[in-house]
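Everything on this sheet refers to the single structure shown next.
As a basis for the values below, the full set of heavy atoms in this structure was taken, side chains included, without hydrogen atoms, waters or symmetry mates.
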Amino acid sequence: MTDLTTLLEVGGPLAALGGGTAYTRAKYPAVYWSAIGGPISTARLLSSYSSVMEACGLTVAPSRLRVLAVKATTRREVRPVPPRRGIIRPTSTGMQIRLRLAPGQEPADVAASAERLRHAWGVHAVYVTTVKPGVVELRLVGYDVLRRVRMPRKADSGFLKVPVALREDATPFVRDYRTVPHQLTLGATLSGKSMYLRHLVAGLARQPVALVGIDCKRGVELAPFAARLSALATDPDEAAELLPALVKEMEERYDLIKARQGIAPDTPDEEITSDIWGLPESERPTPVVLFVDEVAELFLTATRKDEERRDEMVTQLIRLAQLGRAAGIYLEVCGQRFGAELGKGATMLRAQLTGRVCHRVNDEASAKMALGDIAPEAVSAACAIAPELPGLAVAGDTSGGWSRIRTPYLSLGDAAEICRESAHLVPDLPALKPFRPAIPVRHVETPAPAVLPHPATD
């Protein structure tokens, strides 16, 4: 009886400790990793590094000098040599370690063994990046950072740079308009596409740029940001008037570049290789970012007159995509589906959009339209996105690289408030003044006047 009582007294706290550990791992993975998971994985790495590298085929035969030294000093067996390991640097989401490759090895050899290393050291994922010739960095992620997104405190933000999402390797996904001027973002209903767009608008609202919107859903997506928008079109008719104004603004900027550089006025715009960033800051025009939500609405037609209007708008969009970068005009095209079936010019427009972000889509053909021409292996990853993970997407570019990202939650009210606070940053662009949206007046409920008690009298 005494032994049973003692067992219960000891087992109760142990069971509570185990339950608390499991709860912390499920609900607060970052806390669990910092307190328990990180030290355990570090111990595994230090104790099994050589044997794991040998099992993964990442060791090489020792040099002749090393063999002679080992035989002369000890009687140990001469074992293969693993890559030289650097100092382990812990992070809030995992750890980083650099490896100096042995002669004859390449980074692809280590990347091919990433899944084995993940299981051997008990981490969620292992990512390999090349630092310089002969040196690679292993980024070990301790838990699924996309399940509950927490953006890092230090992100690569700057002018025309917006940290909009988190990559699966725990690094921020930065939308850099100077590097990737135009982008296509696809996603079905409730896939998180609007949240992605919301982060872009809120991030650019604090910067000295002009924001222009085309939202053919009567403005339900972009109208809340009207205080910060320089122009807004809410139907195809208004878009048909706004796009020529943007094209004219682009042509005037090319004339400014020609005049500054002494180029002949009759030189075609396609032959000008410079851009507005070569102009003095006092003469440099304000960059313009054009958001096109539900781009398919611009392609749909019902009558022959609509077809003529559609052809004109598509031609103007293609011109902006081809020539807008040098003039400081950038495109952010969004939609649920985008492909050749939309009509003439759709495929040509897509070819000009360097960046691609594909959220959950309703069919494989949509994922192929977004990623098939730049990263075919990313199509299956986009098709595997579950509906219960809104904001999860696959991002790629024309370099062929791709990664999974997820956008953190940002309420529409918070994003609209950021735009209202940044309304003073709206630049003065005369060409866009006729399209400036009306800013709705905020209705503030005034409290009823307090009823003061009358003094008591005889």
Side-chain angles (χ1 to χ4, degrees), residues 175 177-186 197 200 210-216 231-233 235-255 257 267-276 285 287-301 304-358 366 368-374 396-398 431-432 435:
R175 177 72 176 95
Y177 287 91
R178 296 285 299 274
T179 304
V180 182
H182 312 306
Q183 181 170 277
L184 174 65
T185 302
L186 296 185
L197 182 63
L200 283 177
L211 304 182
V212 179
I214 296 179
D215 183 5
C216 292
L232 177 63
D235 56 51
D237 292 332
E238 294 180 358
E241 298 176 1
L242 175 58
L243 286 173
L246 287 173
V247 172
K248 183 179 179 181
E249 175 71 17
M250 179 185 68
E251 292 173 349
E252 291 178 354
R253 296 186 177 195
Y254 271 109
D255 293 338
I257 297 174
T267 303
D269 294 340
E270 293 81 356
E271 297 182 7
I272 301 177
T273 58
S274 186
D275 51 34
I276 64 170
V288 178
V289 179
L290 172 61
F291 297 97
V292 182
D293 191 50
E294 295 301 342
V295 65
E297 289 293 326
L298 299 180
F299 285 83
L300 299 180
T301 59
R304 183 175 298 276
K305 184 178 180 181
D306 292 340
E307 292 181 1
E308 296 176 357
R309 182 192 61 189
R310 188 270 311 275
D311 293 342
E312 292 179 1
M313 288 192 297
V314 172
T315 301
Q316 290 155 356
L317 274 176
I318 293 175
R319 290 197 65 195
L320 289 173
Q322 288 179 337
L323 308 175
R325 183 207 62 82
I329 300 178
Y330 308 101
L331 270 62
E332 197 75 34
V333 181
C334 306
Q336 297 186 28
R337 181 175 171 81
F338 193 82
E341 71 279 359
L342 291 180
K344 183 175 63 175
T347 305
M348 186 176 181
L349 175 61
R350 185 189 63 168
Q352 303 295 329
L353 306 177
T354 306
R356 308 290 175 83
V357 173
C358 182
S366 298
K368 289 182 178 180
M369 289 294 178
L371 302 168
D373 59 333
I374 61 171
D397 53 47
T398 51
L432 301 181
F435 308 97

Considering all heavy atoms, the nearest P236-M313 contact: O-SD, 3.7 Å
L186: partners by side-chain contact (heavy atoms from CB on, under 4.5 Å), with sequence neighbours left out: L184, F338, A370
Closest non-hydrogen atom pair, C216 against D235: SG-C, 3.9 Å
side-chain contact (heavy atoms from CB on, under 4.5 Å) involving S366 - partner list, sequence neighbours excluded: R337, V361, D363
Results of side-chain hydrogen bond (donor to acceptor under 3.5 Å, both in side chains) for D311 - residues two or more places apart only: none
With R309 via side-chain hydrogen bond (donor to acceptor under 3.5 Å, both in side chains) - residues at least two apart: D237
Validation row: L317, L298 side chains within 4.5 angstrom (heavy atoms): yes
Residue list, side-chain contact (heavy atoms from CB on, under 4.5 Å) with T315, at least two apart or on another chain: none
Heavy-atom donor-acceptor pair, Y177 side chain to P287 backbone, under 3.5 Å: no
Could you pull out every donor-acceptor pair under 3.5 Å between side chains of residues 238-249 and any protein atom, sequence neighbours left out?
| unit_1 | atom_1 | unit_2 | atom_2 | d |
| --- | --- | --- | --- | --- |
| E238 | OE1 | T234 | N | 2.9 |
| E238 | OE1 | T234 | OG1 | 3.2 |
| E249 | OE2 | R253 | NE | 3.1 |
| E249 | OE2 | R253 | NH2 | 3.4 |

Shortest non-hydrogen contact between K368 and R350, atoms and distance: O-NH1, 4.3 Å
Any L320 side-chain heavy atom under 4.5 Å of L331 side chain: yes
Heavy-atom pair with the smallest gap, counting every atom of R356 and M369: NH1-O, 3.9 Å
